[in-house]
Amino acid sequence: MQGYTKVQVVWLLLLMSSSSSWHSVHGGESDDVQCLKDLKQSLVDPKGTLESWVFTKHNIDGYICEFTGVECWHPDESRVLGLSLGNQGLEGPFPRGVELCGSMTTLDLSGNKLAGPLPERISDQLAYITYLDLSNNSFSGEIPAGIAKMTYLNTLALQHNQFDGRIPALGNLSRLVSFSVAENSLSGPVPDSLQRFPLANFTGNPRLCGPPIGKKCKKRFRLRIHVRPIRIHLRLRRINDASCIGAAAGFVVGFVVAFYFPHRFLFCRRLRPYIFHVCE
Ligand SMILES: *[C@@H]1O[C@H](CO)[C@@H](O)[C@H](O)[C@H]1NC(C)=O
Ligand SMILES: *[C@@H]1O[C@H](CO)[C@@H](O)[C@H](O)[C@H]1NC(C)=O
Ligand SMILES: *[C@@H]1O[C@H](CO)[C@@H](O)[C@H](O)[C@H]1NC(C)=O
C-alpha cells in the first residue's frame, strides 16, 4: 500500500463496488430505474418536483429510493413499492413506463393536471396494484373495463375528473373497500357490484341513475311522432289544385277554338258535310 495515497484507495474501492453492482442489474439499469426515467420524461413538471430524480448514480443499488415520492421495498434495492406524487402540479398524459415498475403496489397521482384517456391495458400495466388514486385530475374518456381484472385493488379513487360513458362492472374486485367516481360526467346505471358504496361517492354525475342514486333510469328508446308525411300530402294537394285550374282553362280554350275554326281540326273529308255551321 506504500505507493497509494488515501484518495487513490478510495477510488479503487469505488471502482470495485461499481463493477460488482453492475452485474446485479441487467443492461446496467433495472427495469424499475427505466420505469422512473420514462415516467419523468412523459410528464411536464413546472414545480420541479422530479428534479431530484437524477439518474447518474447507477452504480449504487437503491439510489432511486431517495427520490421524492419513491418508496422502495428495501432501501438498498432499486425495486419500487409505491409512488406518491400527489399535488405536485404535474401535467401531461397518464405516465409512460409504469409497467416497468413490476413490483409496485401503490400509485398516487392525485391532485395534478394530468389529462387524456387512461390506457386500455392499464390492468396489464399495473397488475399487482392495491391502491390507485387518480382523483382530482382531468382524465377523460371511458373508465377502462379492464380495471375489473386488477383483482388486488382495495382502493380506486377516480373522483373529480372528466370520465364519461358508463361505469364498468367491477364485480371481480372482491377486495375493493374504497371506491369513488364522484364529480365526473358518467351516465347510465350503477353496476350491481358497486351499489354497496355510499351515494356520496357517485354524486356530481348528473346522468347516472338507478340505486344508490335516487333517479330512475329512463328507457333508452322513445317513440317519435312523424310529421313529414302530412306535409308531403299538403304539398301534393296544392299541386292538384293548380293542375285542375290549368286543365279546365285548357279545355275551355280548346273547345272555343274548335267551335269557331272547325276546318283546321277536321282532316277527314267525309265528315265535312256534318260540320254544323253556326254563323253562316
Ligand atoms: C384538487 O387539487 C388542487 C391542487 O392541485 C387543490 O387545490 C384542490 O383543492 C383539489 N380539489 C379537490 C376537490 O380535491
Ligand atoms: C372476472 O374474472 C374471471 C376469472 O378470473 C374472468 O374470466 C372474467 O373475464 C373477469 N371479468 C371481467 C369483467 O374482467
Ligand atoms: C368514498 O370516497 C372517499 C373519497 O372521496 C373515500 O375516502 C372513501 O373511502 C369512500 N368510501 C367508500 C366506502 O368507498
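Counting starts at 1 for both ligands and their atoms, following the listed order. Owing to the predicted nature of the structure, the values given are computational and were not obtained by experimental measurement. Along the sequence shown, the residues carry numbers beginning at 1.
- Put simply, the side chain of Asp133 gets close to the backbone of Ser135: a donor and an acceptor are under 3.5 Å apart.
- Between the side chains of Thr68 and Ser52, a donor-acceptor pair is found at a separation under 3.5 Å.
- Of the protein's non-hydrogen atoms, Ser178 OG, 3.6 Å is the one closest to atom 8 (C) of ligand 3.
- Listed by number with element, the atoms of ligand 3 under 4.0 angstrom from any heavy atom of Gln159 are 4 (C), 5 (O).
- At least one N or O atom of Phe179, backbone or side chain, sits closer than 3.5 Å to an N or O atom of ligand 3.
- Relative orientation of the Phe55 and Tyr63 rings is perpendicular, given thresholds of 30° and 60° on the angle between their planes.
- In this structure, a donor-acceptor pair under 3.5 Å is absent between the side chains of Asp32 and Ser30.
- Scanning all protein heavy atoms for the shortest distance to atom 3 (C) of ligand 3 gives Asn201 ND2, 3.8 Å.
- In plain terms, the two heavy atoms of Ala127 and Tyr152 that are nearest each other are O-CD1, 3.6 Å.
- Contacts between Ala182 and ligand 3 below 4.0 angstrom, taking non-hydrogen atoms only, are absent altogether.
- At the shortest separation from atom 13 (C) of ligand 3 among protein heavy atoms lies Pro198 CD, 3.5 Å.
- Side-chain polar atoms of Ser140 and Gln162 form no donor-acceptor pair below 3.5 angstrom.
- Residue Val177 places a heavy atom less than 4.0 Å from ligand 3.
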